[in-house]
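Below you'll find the structure, written out as structure tokens, and then a few comments.
In this text the structure is predicted, and so the values were computed from the model without any measurement.
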Amino acid sequence: MTPRVTFAVAARVVAQLRRDHRTVAMLIVLPALLVSLMWWMFHDSPGTFDRIGGPLLAVFPAIIMFVVTSVATLRERSSGTLSRLFTMPMAKLDFLLGYALAFALIAVVQALVVVSIALYLLDLNIQGDAWQLGVVAVLDGVLGAALGLFASAFASTEFQAVQMMPAVMIPQILLCGLLVPREELPTVLRAVSDVLPLSYAVDAVIGVAKGNGLASGAGGDALVVVAFVLAALGLGAATLKRRTA
């Protein structure tokens with residue numbers, strides 16, 4: 001792994017995103033719109049929004065990052081760009097880390113927008129610090145990007161990359177504690193949820209919302225999210241194909 005190459009890949013991805021205004025709007029604006037829609041749905045039940053609003057800050061960015069990164073990586077392979085890049089002295093991990101770094105920068109902007117709207121416009125009630133909620137939201141966006149980079153290795157077309165979303169993300173949404181608290185799940189489903197990354201992403205947000213900051217309970221969940229990010233990038237580097245078949 002060469003940091004100079006990693007940063008060069010990240011700069012290239014950022015430059016591409018700057019020219020793709022629709023994708024940038026989807027990454028930054030769509031999570032805020034979805035959270036706002038949920039607030040509107042539960043406008044007459046603010047307690048419900050306070051309960052699910054925090055987890056939504058983990059779920060929506062992760063889903064959107066997953067879709068965009070999986071499709072973008074597949075496009076690099078199908079167009080032959082990835083093969084041309086690998087004619088240079090670049091490791092697969094350099095490529096994936098560069099992508100992850102670029103989307104981490106997007107995740108920072110995404111988190112600033114969606115957390116600010118949730119807290120200051122939609123009156124989401126939390127007991128923890130706003131900046132800690134923002135840090136966790138950034139981690140959750142990076143988690144979605146890392147999972148998307150890993151999943152793209154198993155797709156041959158952009159349509160297949162999109163199909164990976166329900167296969168990878170929907171089970172996690174159902175079991176992460178958004179709909180039913182994880183401790184109330186049947187034993188087998190609770191065991192499954194314990195090995196899913198989005199469960200810890202949601203737990204970290206809920207911990208911060210309840211006042212258990214990064215120095216206490218939420219910090220452990222955030223570290224697990226980081227571990228999943230690193231594992232996804234490592235597995236992605238091991239399985240990444242230079243071209244589609």
Evaluate the side-chain proximity of [Y] to [X]: yes if any heavy-atom separation is below 4.5 Å, no if none is.
| X | Y | answer |
| --- | --- | --- |
| Phe49 | Val35 | yes |
| Asp203 | Arg182 | yes |
| Leu57 | Asp140 | no |
| Val13 | Leu17 | yes |
| Met65 | Ile106 | yes |
| Val180 | Leu189 | no |
| Leu178 | Pro55 | yes |
| Ile63 | Met165 | yes |

Check: [X] side chain, [Y] main-chain N or O, donor-acceptor pair, under 3.5 Å:
| X | Y | value |
| --- | --- | --- |
| Gln132 | Leu214 | yes |
| Ser199 | Ser193 | yes |
| Thr69 | Phe66 | yes |
| Asn125 | Asp50 | no |
| Tyr200 | Cys176 | no |

Would a single hydrophobic cluster contain both [Y] and [X], if residues Ile, Leu, Val, Met, Phe, Trp and Tyr are joined by side-chain heavy-atom contacts under 4.5 Å?
| X | Y | answer |
| --- | --- | --- |
| Leu198 | Leu230 | yes |
| Leu97 | Leu101 | no |
| Val205 | Tyr120 | yes |
| Ile117 | Met41 | yes |
| Trp131 | Leu223 | no |

Please assess Val24 against Val109 for the test side chain to side chain contact (heavy atoms under 4.5 Å, CB included), listing each intermediate value before the final yes or no.
-> CA-CA 10 Å; Val24 172; Val109 180; over 6 Å; no
Rounded to the nearest 0.5 Å, how far does [atom2] of [Y] lie from [atom1] of [X]?
| X | Y | atom1 | atom2 | result |
| --- | --- | --- | --- | --- |
| Thr23 | Leu30 | OG1 | CG | 11.5 Å |
| Leu235 | Leu147 | CG | CG | 10.5 Å |
| Phe228 | Leu196 | CZ | CG | 7.5 Å |
| Met169 | Met164 | CE | CE | 11.5 Å |
| Ile206 | Ile126 | CD1 | CD1 | 13.0 Å |
| Leu174 | Leu185 | CG | CG | 10.0 Å |

Heavy-atom pair with the smallest gap, counting every atom of [X] and [Y]:
| X | Y | answer |
| --- | --- | --- |
| Leu124 | Gly53 | CD1-CA, 4.0 Å |
| Ser70 | Ser152 | O-CB, 3.5 Å |
| Gln127 | Gly211 | CB-N, 3.9 Å |
| Pro166 | Pro171 | O-CD, 3.2 Å |
| Ala130 | Val115 | O-CG1, 4.3 Å |
| Arg190 | Glu183 | NH1-CA, 3.2 Å |

Should the pair Tyr99 and Phe103 be assigned to parallel (<30°), tilted (30 to 60°) or perpendicular (>60°) ring geometry?
->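 Plane angle under 30°, so parallel.
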